[in-house]
Amino acid sequence: MVEAGAESSLPGTRIGLFGGTFDPVHFGHLRPAVEMAEQYALSTLYLLPNHRPAHRGPTGATTPMRIDMLRMAIGSAEHLAVDSREAERNKPTYTFDTLQEIKAEQPEATVLFFLGMDAFAEFDTWHNWEGVLELANLVVVNRPGAVHSEFSRHLVLRQQQACGEKIVNGQAGVIESCDVTQLAISATDVRRRIASNLSVRFLLPEQVSEYIAAKRLYRVNG
Ligand code: ATP
């Protein structure tokens, strides 16, 4: 379900998608998201939680909880919204299929798919990654400690030769990098701290950490 900005777009409109597990969402997602929306003048940046088996373990977050936390975290932030279509499906969904759906819904929009450098380094493991590049531009976000793989470095060079270096409205296939404020926060580290009974204050929004505490999430490693 798309919660905002689903109206048919006008030519020149840019929308962004930022996929992930968001288990839980943290400031390492949120601050870059604000900067992505600003730097690319996006009408909306949709945070797109992925499908994951309903429960990761007795104290893990369920899919509805991951979505609740995302909605809470975003609040009324301008130009940010949650697109829960993948998470709410009861089977794995490929980015390629989601992009096809979104292109059908918003045919005039330029679609920018954002991903952290760690995710981009493994892009060759994605289902039909070449098809993804036919539907969207990719924007690779720097992340502390994450570096190119041999595959991703070559792919950037290949795409720059084929499509140029700058995202132009309506074009797909461009891969660009985006500098954002570097925050060395990961969901894995947040979960580990909670499991070890350590504070997660200032790593994620207060409301989200209160929700995690109330639901007793992530209290066991795994
Ligand atoms: P986990 O530790 O469970 O693997 P994560 O913190 O990496 O989770 P994901 O939900 O897997 O978070 O990430 C969603 C997207 O956000 C990915 O593209 C990832 O590269 C990016 N991302 C996550 N954390 C950061 C960060 N601190 N800075 C920049 N990008 C990030």
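Predicted model only: the values in this text are computed from it and were never measured. Residues take their numbers from the sequence shown, with the count starting at 1. Every number for a ligand or one of its atoms is a count from 1 in the order of the listing.
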- Message: Before you tell me yes or no, could you show the steps for E130 and R158 under salt bridge (charged side-chain N to carboxylate O under 4.0 Å, His left out), namely the whole-Å CA-CA distance, both residues' side-chain angles and the distance that decides it to 0.1 Å?
- Response: CA-CA 12 Å; E130 295 195 282; R158 189 191 88 174; 3.4 Å; yes
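- Shown here is Q207, whose CD atom has no more than 12 heavy atoms of other residues, nucleotides or ligands within 6.0 Å.
- Under a 4.0 angstrom heavy-atom cut-off, G19 registers as being in contact with ligand 1.
- Counting only non-hydrogen atoms, the option in H26, E122, H29, R191 that gets closest to atom 3 (O) of ligand 1 is R191.
- When all heavy atoms of D118 and A146 are compared, the closest pair comes out as N-CB, 3.6 Å.
- With A184, A187, P144 as candidates, the residue nearest to atom 8 (O) of ligand 1 on a non-hydrogen basis is A187.
- Ring to ring, W129 and F151 are close: their centroids are under 6.0 angstrom apart.
- For ligand 1, the polar-atom distance check against N142 finds no nitrogen or oxygen pair separated by under 3.5 Å.
- The option with the heavy atom closest to atom 11 (O) of ligand 1, from among T21, T181, V141, is T21.
- For F114, no heavy-atom contact with ligand 1 is shorter than 4.0 Å.
- At a heavy-atom distance under 4.0 Å, no atom of Q182 approaches ligand 1.
- When each atom of ligand 1 is checked for a heavy atom of F22 under 4.0 Å away, the hits are 10 (O).
- In this structure, F27 does not count as a contact residue of ligand 1, since none of its heavy atoms falls inside 4.0 Å of the ligand.
- Not one N or O of G20 is nearer than 3.5 Å to an N or O of ligand 1, by distance alone.
- The contact set between ligand 1 and T188, taken as ligand atoms under 4.0 Å from a residue heavy atom, comprises 1 (P), 2 (O), 3 (O), 4 (O).
- Residues F27 and F202 place their aromatic rings such that the two centres sit no closer than 6.0 Å.
- For ligand 1 and L115, the ligand atoms under 4.0 Å from any heavy atom of the residue are 18 (O).
- With contacts defined as side-chain heavy-atom distances shorter than 4.5 Å, the pair V141/E35 does not qualify.
- Once rounded to the nearest 0.5 Å, the distance linking OG1 of T93 with CD of E88 reads 11.0 Å.
- In terms of N/O distances under 3.5 Å, ligand 1 is not approached by A119.
- Residue D118 approaches ligand 1 through these ligand atoms, each under 4.0 Å from one of its heavy atoms: 19 (C), 20 (O).
- Contacts with ligand 1 closer than 4.0 Å are made by no heavy atom of D23, backbone or side chain.
- Here the shortest heavy-atom pairing between H26 and I185 reads CE1-O, 3.3 Å.
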- Given R85 and I102, is the side-chain contact (heavy atoms from CB on, under 4.5 Å) satisfied, shown in steps? CA-CA 10 Å; R85 75 180 76 211; I102 290 172; 3.6 Å; yes
- Please walk me through it: do F113 and F18 pass ring pair (Phe, Tyr, Trp, His ring centres under 6.0 Å)? CA-CA 6 Å; F113 192 93; F18 186 31; 8.4 Å; no
